[in-house]
Amino acid sequence: MTSEIPAEAENGTPMVLAESIRRSFGHNEVLRGIDLRVEPGEVLCLIGPSGSGKTTMLRCINHLEKIDSGRLWVDGDLVGYREHRGRLHELREREVCRRRADIGMVFQRFNLFAHMTALENIMEAPLRVRREKRSEVEKRARALLDRVGLGNRCEAYPSQLSGGQQQRVAIARALAMRPKLMLFDEPTSALDPELVGEVLDIMRGLAADGMTMVVVTHEMGFAREVADTVVFMDGGVVVESGPPGQVLVDPQHERTRSFLSKVL
Amino acid sequence: MALSADKAPGGEPGAQAPGSPAAPVTGAAGAGASTADVIKAVPVRHPGRWVGVAVLALLAAMLVHALVTNEAFHWDIVWKYLFSEQILRGLWATLFLTLYAMAIGVVGGVLLAILRLSPNPVLRSASWLYTWFFRGTPVMIQILFWASIGALYPRLSIGVPFGPEFASAESNTLIPLLGAAVLGLGLNEAAYMAEIVRAGVGAVDTGQAEASQALGMNQAQTMRRIVLPQAMRVIIPPTGNETISMLKTTSLVSVIAYTELLYAAQIIYSRNFQTIPLLMVAAIWYLAVTSVLSVGQYFLERHYDPAGRNRVGPSRPMRRDQSGVVT
Ligand SMILES: Nc1ncnc2c1ncn2[C@@H]1O[C@H](COP(=O)(O)OP(=O)(O)OP(=O)(O)O)[C@@H](O)[C@H]1O
Ligand SMILES: [Mg+2]
């Protein structure tokens, strides 16, 4: 297998391209040959039962997790490696960080920096990673907080915000790096039901603005409405993928049907 | 104490806010009192506490009486030496010993903790070995060891390992008494601080480092900007205790005849035989400095815990209202 981007992809580089990704933890093979393709501007929803490897797949995309075999490209760049004279070399930390900086990630548990205010959370990475000017970063951070409806909570610490507000700050924090791709790992699963809507609204807005998004979610309503593609994973493989109208409404596989009957 | 904190489990019927969802109401609301009124109740009496207070007050009075009337304390001599130049110089030396030793201890502790958390097994075991050795031997022996290293290696030199040397000097001039005292106390302290830092880093949710890395921050930035500042919440209180303990441990270096506070007092009473008053002088100064340090510790804790999540303990109010989580 070569690490060249396959020829069929040349009419427009896909934002994410995964080929036969495998990943084991000890004897537990969590990803067993995943193929995935996300076009720029596309919203892909990843669904599947617990333990099917959705989080692991997402973490591979920004190299928080290493892959054992297969090839993974983001925006045409091989993830985690550089090819030189037919051999793969691990990327240096600096290079890995540079690539991660272009990919936003939103976690199930928010993971806001607990010792910083909402504003500081958002400003940290643009200041430290991109070394941008403080005044500009602060202006942008305040605008982002406005955009997620929290313009009046700049000085609040995460512990003083509700779950939904924390997740909205977390989204703003990721957006402050002007990412070309956003990864969401069950962004609403840790929220009280009445707070789910405010986070999904922000994500809808992002999708409408043309952001490329990979969203692991159990919100089937959101998937049906916003996703361009729905991918159903089970046991470390992609069982079925296609437009939501097909996968969610008229699934072809028994496993997809039984999963959907449980969550819908 | 706020009355509202004494809410009975399950909520009293009279405390129900109007319009709140029906809760298991066990009795009729108090006749006449509207449920919307602020509760005015007779607080529970605690006669046992008052007995305790009386007993303690009596004991305190007896103690003061004994201290003041017993001639053997020689308060005039205590007063005479409390601000004497020799004692003040000793105090100054004690403060600097504490500062230097804690500086070595904190820096060394952070380095050792980072080594300990490294994926490399050699670095990990080196850190473990260090901690094992320095925690496993008495600090007194370590101080004596550094003070007499001249006997072991009369000359120390800088050069290529096993190769030519560029410069060398007498050990005893390179490591004077102060150096031996600081090394003995500091290297020992580093072993304890390493455990404290490691516990602090371990107490920070791994999601914090993950979020930091996902934003493109490198490992050093993640450690310095995200993990360590949060670990401080856990690290500061025991470090304050270590500093206070260090201040008193410095009195051990009197064994190598370094003139810190205790040794200064000893020098004086070996001449005038006023042992008790001079020990009182030293004790008063130790007590004064540890008191100041405790106040400093309180403010440091506040600084590293601005959201008040860790603020528990009798002297500080719990802030259940803001975080919703009491730790
Ligand atoms: N760091 C790790 N070490 C060992 N096993 C792991 C690790 N991370 C994940 N796993 C295992 O991999 C499997 C898949 O985990 P993953 O988190 O990717 O599933 P998921 O589809 O996201 O599930 P969920 O819906 O519960 O979040 C699980 O069995 C999990 O125990
Ligand atoms: Mg998951």
Side-chain angles (χ1 to χ4, degrees), chain A residues 55 58-59 61-65 92-117 120-131 155-163 166 169-170 173-179 181-183 185 190, chain B residues 21 114 117-120 197 200-237 300-312 316-327:
Chain A
T55 297
L58 214 55
R59 290 163 52 87
I61 293 176
N62 67 357
H63 205 49
L64 283 176
E65 205 74 73
R92 290 173 179 284
E93 189 190 21
R94 171 196 298 246
E95 194 61 21
V96 171
C97 288
R98 208 174 55 77
R99 302 228 187 139
R100 278 192 193 133
D102 290 334
I103 304 173
M105 189 160 191
V106 175
F107 301 85
Q108 183 175 357
R109 309 264 343 147
F110 328 135
N111 294 351
L112 287 183
F113 303 137
H115 59 308
M116 297 181 181
T117 62
E120 289 167 345
N121 260 280
I122 298 175
M123 293 171 61
E124 181 67 13
L127 287 178
R128 306 283 155 185
V129 178
R130 299 242 203 263
R131 302 188 183 288
E155 307 306 327
Y157 284 95
S159 60
Q160 299 164 338
L161 297 171
S162 76
Q166 288 188 55
V169 174
R173 175 174 73 176
L175 291 177
M177 294 295 280
R178 300 200 174 102
L181 166 67
M182 286 283 285
L183 309 174
D185 189 8
Chain B
I114 289 174
L117 298 165
S118 150
N120 184 318
V197 174
V201 169
V204 179
D205 179 28
T206 50
Q208 296 284 309
E210 217 156 71
S212 166
Q213 287 178 316
L215 284 165
M217 293 170 68
N218 62 33
Q219 280 194 334
Q221 286 171 326
T222 301
M223 200 65 182
R224 212 178 54 241
R225 296 286 309 168
I226 307 300
V227 177
L228 279 182
Q230 293 189 62
M232 283 301 172
R233 249 173 358 111
V234 179
I235 292 174
I236 289 282
L300 262 183
E301 277 175 35
R302 281 231 320 207
H303 175 77
Y304 280 107
D305 190 13
R309 282 161 309 149
N310 241 17
R311 228 165 284 161
V312 290
R316 282 136 355 206
M318 285 215 254
R319 309 231 311 210
R320 201 187 295 261
D321 47 333
Q322 282 194 341
S323 60
V325 185
V326 182
T327 38

Hey, can you pull the donor-acceptor pairs under 3.5 Å for the side chains in residues 100-108 of chain A, sequence neighbours left out?
residue: Arg100(A); atom: NE; partner: Asn62(A); partner atom: O; Å: 2.9
residue: Arg100(A); atom: NH2; partner: His63(A); partner atom: O; Å: 2.8
residue: Asp102(A); atom: OD1; partner: Arg130(A); partner atom: NH2; Å: 3.3

What's the shortest heavy-atom distance between [X] and [Y], and which atoms?
| X | Y | value |
| --- | --- | --- |
| Gly216(B) | Cys97(A) | O-CB, 3.2 Å |
| Gln219(B) | Glu93(A) | N-OE2, 2.7 Å |
| Arg173(A) | Leu215(B) | CD-CD1, 3.8 Å |

Side chain, backbone, both or neither: which part of Asp205(B) has a heavy atom under 4.5 Å from chain A?
side chain
Counting only non-hydrogen atoms closer than 4.5 Å, does Gln208(B) touch chain A with its backbone (N, CA, C, O), its side chain (CB onward), both, or neither?
both
Checking heavy atoms, do the side chain of Leu183(A), its backbone, both or neither come under 4.5 Å from chain B?
neither
Pick one of side chain, backbone, both or neither for Arg109(A), based on which atoms fall under 4.5 Å of a heavy atom in chain B.
neither
Heavy-atom pairs under 4.5 Å with chain A: which of Ile226(B), Asn218(B), Val204(B) has the most?
Ile226(B)
Measure from the side-chain N and O atoms of His115(A) to the backbone N and O of Arg225(B), and report whether any donor-acceptor pair falls under 3.5 Å.
yes
Can you name the residues that form a salt bridge (charged side-chain N to carboxylate O under 4.0 Å, His left out) with Glu210(B), not counting sequence neighbours?
Arg59(A)
